[in-house]
Amino acid sequence: GAVVSQHPSRVICKSGTSVKIECRSLDFQATTMFWYRQFPKKSLMLMATSNEGSKATYEQGVEKDKFLINHASLTLSTLTVTSAHPEDSSFYICSARGRTVYEQYFGPGTRLTVT
Amino acid sequence: LAKTTQPISMDSYEGQEVNITCSHNNIATNDYITWYQQFPSQGPRFIIQGYKTKVTNEVASLFIPADRKSSTLSLPRVSLSDTAVYYCLVGERNSGNTPLVFGKGTRLSVIA
């Protein structure tokens, strides 16, 4: 099946700093990428949807100026958490779908801890 | 998107067959049923997808009755490594920009 990678797998940062998470589709062109957030013992919550070359569409309640999403190519999307605070600590998961890849394939996730 | 309902949790002993049922009363004609598995601190993994009747792969079987208002994921002879959260999702197969929306899932605990 299609492979989606994320980097880093785990990151710890200080409050007030920014963190960038990369999401790559390794063997297919991802026309659409999705970003989810998951808190402990909870389900995945959709944050935003991005199409290659265009601005991301954010879900209600997700601050677009805080969670910057860039989908500059068909294989790479980035999520930047700006001015991170402890409440942003969570598990961030990206997902991708392509023109011929019907299923949504998920990355392994990135554990963000803000101290 | 059709809403799904599934049990919050299930327990099973190793070696048993586990059946997880999902209700999706408002499923649309073009909707497929897809199941994902998620281990702690990992992204969800696609297990199986079906439209009607029965689908089987090397991991599981998916049973879908004629009215398609429910589906059952069957895991044969589970092992401890099958302990995970299982999500049932319903939506169009090639839905482009439409993301998968996850419900609460079923937390399966396999006991030795």
Side-chain angles (χ1 to χ4, degrees), chain A residues 1-7 9-10 21 23-25 30-52 54-60 62 69 71 90-113, chain B residues 1-10 20 22 24 30-51 55 57-60 62 71 73 83-109:
Chain A
V3 179
V4 177
S5 69
Q6 278 184 244
H7 179 80
S9 58
R10 184 182 297 268
I21 302 170
C23 176
R24 294 181 185 274
S25 58
T31 50
T32 307
M33 285 188 169
F34 310 94
W35 286 94
Y36 294 81
R37 179 168 54 180
Q38 186 175 33
F39 292 106
K41 304 288 187 183
K42 300 294 185 181
S43 184
L44 286 77
M45 292 171 43
L46 180 68
M47 299 176 67
T49 300
S50 73
N51 292 300
E52 183 263 339
S54 59
K55 291 183 178 180
T57 302
Y58 290 82
E59 294 299 300
Q60 191 172 8
V62 178
I69 293 173
H71 190 169
S90 187
F91 192 53
Y92 291 87
I93 306 169
C94 75
S95 178
R97 182 185 284 143
R99 293 189 185 91
T100 58
V101 176
Y102 297 123
E103 293 81 24
Q104 234 181 273
Y105 285 89
F106 290 81
T110 297
R111 173 77 58 193
L112 170 64
T113 303
Chain B
L1 295 174
K3 182 180 177 181
T4 60
T5 303
Q6 45 183 130
I8 295 295
S9 64
M10 293 181 69
I20 306 174
C22 178
H24 28 79
N30 293 334
D31 287 343
Y32 281 72
I33 300 153
T34 310
W35 285 80
Y36 282 82
Q37 174 193 55
Q38 186 182 28
F39 297 113
S41 296
Q42 293 187 28
R45 182 176 76 107
F46 172 87
I47 301 177
I48 197 166
Q49 182 182 74
Y51 184 80
V55 180
N57 61 22
E58 64 277 7
V59 177
L62 179 59
S71 59
L73 175 73
T83 294
V85 179
Y86 293 83
Y87 295 96
C88 163
L89 298 100
V90 174
E92 292 190 23
R93 190 179 184 198
N94 186 13
S95 47
N97 293 346
T98 304
L100 291 174
V101 177
F102 286 76
K104 296 181 179 180
T106 297
R107 187 172 299 275
L108 172 65
S109 297

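Below, chains carry the letters A, B, ... as their sequence lines are ordered, and counting in each starts from 1. Source: prediction; values computed, not measured.
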(message) Working to the nearest 0.5 angstrom, can you tell me the gap between B/F102 CZ and A/I93 CD1?
(response) 8.0 Å
(message) With chain A as the partner, which of B/G105, B/S41, B/P40 has the greatest number of non-hydrogen pairs under 4.5 Å?
(response) B/S41
(request) Verify side-chain contact (heavy atoms from CB on, under 4.5 Å) between A/F106 and B/L100, making sure each step is shown before the conclusion. (result) CA-CA 11 Å; A/F106 290 81; B/L100 291 174; 4.3 Å; yes
(request) Take A/L44 and B/Q38 through the test side-chain contact (heavy atoms from CB on, under 4.5 Å) and record every step on the way to the result. (result) CA-CA 10 Å; A/L44 286 77; B/Q38 186 182 28; 3.6 Å; yes
(request) Go through the atoms of A/L46 and report whether side chain, backbone, both or neither lie under 4.5 Å from a heavy atom of chain B. (result) side chain
(request) Mind listing the closest non-hydrogen atom pair of B/Y87 and A/S43 along with its distance? (result) CE2-OG, 3.4 Å
(request) May I ask you to test the A/Y36-B/P44 pair for a side-chain heavy-atom distance under 4.5 Å? (result) no
(request) Answer yes or no: does atom CE of A/M45 have more than 12 heavy-atom neighbours from other residues, nucleotides or ligands under 6.0 Å? (result) no
(request) Check whether B/F39 gets within reach of chain A through its side chain, its backbone, both or neither, counting any heavy atom under 4.5 Å. (result) neither
(request) Check each atom of A/K42 against the heavy atoms of chain B and say whether the ones under 4.5 Å are side chain, backbone, both or neither. (result) backbone
(message) For A/Q38, which atoms come within 4.5 Å of any heavy atom of chain B: side chain, backbone, both, or neither?
(response) side chain
(request) Measure distances from B/Y32 to the heavy atoms of chain A and classify the residue's part below 4.5 Å as side chain, backbone, both or neither. (result) neither
(request) Identify which part of A/T49 has an atom lying under 4.5 Å from any heavy atom of chain B, answering side chain, backbone, both or neither. (result) side chain
(message) Heavy-atom cut-off 4.5 Å, strictly under: side chain, backbone, both or neither for B/R107 against chain A?
(response) side chain
